[in-house]
J.: 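Shown below is the structure under consideration.
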Amino acid sequence: MNYQTILFTIENGICIITINRPDKLNALNKQVFTDLDAAIDHVNSNADIKSAIITGAGPKAFVAGADITEFAGLSKEEAMALAKRGQDVFFKIENSKKPIVAAVNGFALGGGCELAMACHFRLCSENAKFGQPEVNLGLIPGYGGTQRLVQHIGKGKAMELLMSAQMIDANEAKQLSLVNYVTTNETLLEHTKKILDIINSKAPLAVAGCIQAANAVYDESKDGYAIEIEVFGNAFATEDMKEGTTAFLEKRKADFKGR
Ligand code: COA
């Protein structure tokens, strides 16, 4: 795959997707969305990849937002299409069958915060800063930020951040459960990989089922409890469930095949 704005590497079953526009603080332009879209498809179709990390290039930013230079002169319809495109790519991340985790290595503002929130969970380095500064530009978030920020940190605090454009630092993000762990800048990727190594040792179809069922909590068109019953039942028809239960009874480590 020929990516222009991201780096795509695979290491020990973990794909690392690095948004690579450090001179523009990794701002999300159209090409980044094209590349990210293709990269998520690649993650889900490549059997060598079990999970993925999204991070940003350079020491300063994860992603400092949508690329503001692309906003100039957009009509209402074009702006709506831009938001729909961003939302579609972020839904693809959220609904990926393989885990996708954000390693937030600096500013995660606007579209950057929205990208991190679309991932299944987040770690960040000590220098990370999160925020939705769109009201500074006379805008609101367009890539799901008004919805996911409320889901992640609750309505009151989300309303404050959305309306005030205030940034929060890594420790506050941890207190608000926006991130699971705060690490040093140097250990962010290693820590993220360690968590994924554990997840990657589990039954892949069961991991995908957890993602599907947990995502249903936030989808009003779906009955999450009914999905849980269905996914639970489907698991009984997998080779991995037989292997997992047999291995437990035989007191050995399970060897999951993703079937
Ligand atoms: N879109 C386009 N370019 C951006 C960008 C964005 N969202 N965020 C940063 N950049 C560019 C800057 O224009 C600058 O480019 P230049 O060197 O060609 O002038 C470069 O990235 C470095 O940014 P700079 O502002 O000089 O860095 P800083 O350390 O002084 O400030 C931020 C860092 C993150 C506070 C600041 O860049 C910022 O406020 N960015 C916009 C955040 C935002 O509003 N995001 C939501 C967009 S909807």
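Computed from heavy atoms alone, side chains included, the values below leave out hydrogens, waters and symmetry copies. Counting starts at 1 for both ligands and their atoms, following the listed order.
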J.: Looking at side-chain heavy atoms only, is the closest gap between Ile53 and Ile17 below 4.5 Å?
T.: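 Result no, sub-4.5 Å side-chain heavy-atom pair not found.
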J.: Hey, does Leu115 have a side-chain heavy atom less than 4.5 Å from the side chain of Phe62?
T.: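 In short, these two side chains touch, coming nearer than 4.5 Å.
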J.: Taking His152 for the side chain and Leu178 for the main chain, is one N or O donor matched with an acceptor at less than 3.5 Å?
T.: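 Judged by distance alone, no pair lies under 3.5 Å.
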J.: Which residue pairs satisfy the ring-ring contact (aromatic ring centres under 6.0 Å, His included) criterion with at least one member in residues 235-259, sequence neighbours excluded?
T.: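 As it turns out, the ring-ring contact (aromatic ring centres under 6.0 Å, His included) pairs with a partner in residues 235-259, which skip direct neighbours, are Phe232-Phe236.
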J.: For ligand 1, which atoms, with element, lie under 4.0 Å from some heavy atom of Pro133?
T.: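 By the 4.0 Å cutoff, the relevant atoms are 43 (C), 44 (O), 45 (N), 46 (C).
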J.: Relative to ligand 1, is Asp23 under 4.0 angstrom through side chain, backbone, both or neither, heavy atoms considered?
T.: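 For Asp23, only backbone atoms sit under 4.0 Å from ligand 1.
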J.: Using heavy atoms and a threshold below 4.0 Å, how should the contact between Ala27 and ligand 1 be classified: side chain, backbone, both, or neither?
T.: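 It is the side chain that touches ligand 1; the backbone stays farther off.
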J.: If you measure every N or O of Leu109 against every N or O of ligand 1, does any of those distances drop under 3.5 Å?
T.: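 Among all N and O atoms of Leu109, none is under 3.5 Å from an N or O of ligand 1.
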J.: Is there any N or O on Thr69 that sits under 3.5 Å from an N or O of ligand 1?
T.: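 It does not: no N or O of Thr69 is found under 3.5 Å from an N or O of ligand 1.
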J.: Is the closest N or O pair between Ala66 and ligand 1 shorter than 3.5 Å?
T.: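 Yes - when backbone and side-chain N and O of Ala66 are compared with those of ligand 1, one distance drops under 3.5 Å.
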J.: Ignoring hydrogens and angles, state whether a donor on the side chain of Gln31 or Thr34 is under 3.5 Å from an acceptor on the partner side chain.
T.: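 Thr34 and Gln31 do not have a side-chain donor-acceptor pair below 3.5 Å.
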J.: With a 3.5 Å distance limit and no angle check, can you tell me whether Asp219 reaches the backbone of Asn215 through a side-chain donor-acceptor pair?
T.: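 No: the side chain of Asp219 does not pair with the backbone of Asn215.
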J.: Using protein heavy atoms only, decide if any is under 4.0 Å from atom 29 (O) of ligand 1.
T.: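 It does: a protein heavy atom is found less than 4.0 Å away from atom 29 (O) of ligand 1.
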J.: Does some non-hydrogen atom of the protein lie less than 4.0 angstrom from atom 19 (O) of ligand 1?
T.: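 Within 4.0 Å of atom 19 (O) of ligand 1, no protein heavy atoms are found.
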J.: Measuring from atom 11 (C) of ligand 1, which candidate in Lys24, Met167, Lys129, Glu134 has the nearest non-hydrogen atom?
T.: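 Among Lys24, Met167, Lys129, Glu134, the closest heavy atom to atom 11 (C) of ligand 1 comes from Lys24.
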J.: Tyr143 and Phe33: ring pair (Phe, Tyr, Trp, His ring centres under 6.0 Å), yes or no, with the steps?
T.: CA-CA 11 Å; Tyr143 304 154; Phe33 278 109; 5.2 Å; yes
J.: Hey, is atom 13 (O) of ligand 1 touched by any protein heavy atom at less than 4.0 Å?
T.: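 So far as the 4.0 Å threshold goes, atom 13 (O) of ligand 1 is out of reach of every protein heavy atom.
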J.: Looking at Met241, is its backbone amide N or carbonyl O close enough to the side chain of Thr245 to form a donor-acceptor pair, meaning the two atoms are under 3.5 Å apart?
T.: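 Here the side-chain-to-backbone pair exists.
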J.: What is the nearest protein non-hydrogen atom to atom 1 (N) of ligand 1, stated with its residue, atom name and distance?
T.: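 Protein heavy atom at minimum distance: Ile68 N, 3.0 Å.
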J.: Pairing donors with acceptors under 3.5 angstrom, does anything connect the side chains of Ser51 and Asn200?
T.: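 A donor-acceptor contact under 3.5 Å links the two side chains.
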J.: Asp67 heavy atoms, cut-off 4.0 Å: which ligand 1 atoms fall inside?
T.: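 Taking each heavy atom of Asp67 in turn, ligand 1 has 1 (N), 2 (C) under 4.0 Å.
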J.: Can a protein heavy atom be found under 4.0 Å away from atom 25 (O) of ligand 1?
T.: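 Protein heavy atoms within 4.0 Å of atom 25 (O) of ligand 1 - there are none.
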J.: Excluding sequence neighbours, so at least two apart, what forms side-chain contact (heavy atoms from CB on, under 4.5 Å) with Met159?
T.: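 Partners of Met159 under the side-chain contact (heavy atoms from CB on, under 4.5 Å) test: Lys155, Met163.
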J.: Among Gly65, Gly145, Ala64, whose heavy atom sits nearest atom 8 (N) of ligand 1?
T.: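 Looking at heavy atoms only, Ala64 sits closest to atom 8 (N) of ligand 1.
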J.: Give a yes or no on whether atom 33 (C) of ligand 1 lies under 4.0 Å from any heavy atom of the protein.
T.: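 True for atom 33 (C) of ligand 1.
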J.: Which residue from Leu25, Asn136, Leu137 reaches closest to atom 48 (S) of ligand 1 through any of its heavy atoms?
T.: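 Going through Leu25, Asn136, Leu137 one by one, Leu137 has the nearest heavy atom to atom 48 (S) of ligand 1.
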J.: Verify the distance criterion only: is there a donor paired with an acceptor across the side chains of Thr5 and Asn20 at less than 3.5 Å?
T.: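 Thr5 vs Asn20: no donor-acceptor pair found between side chains.
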J.: In terms of atom number and element, which parts of ligand 1 are under 4.0 angstrom from non-hydrogen atoms of Lys60?
T.: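 It comes down to these atoms of ligand 1: 27 (O), 28 (P), 29 (O).
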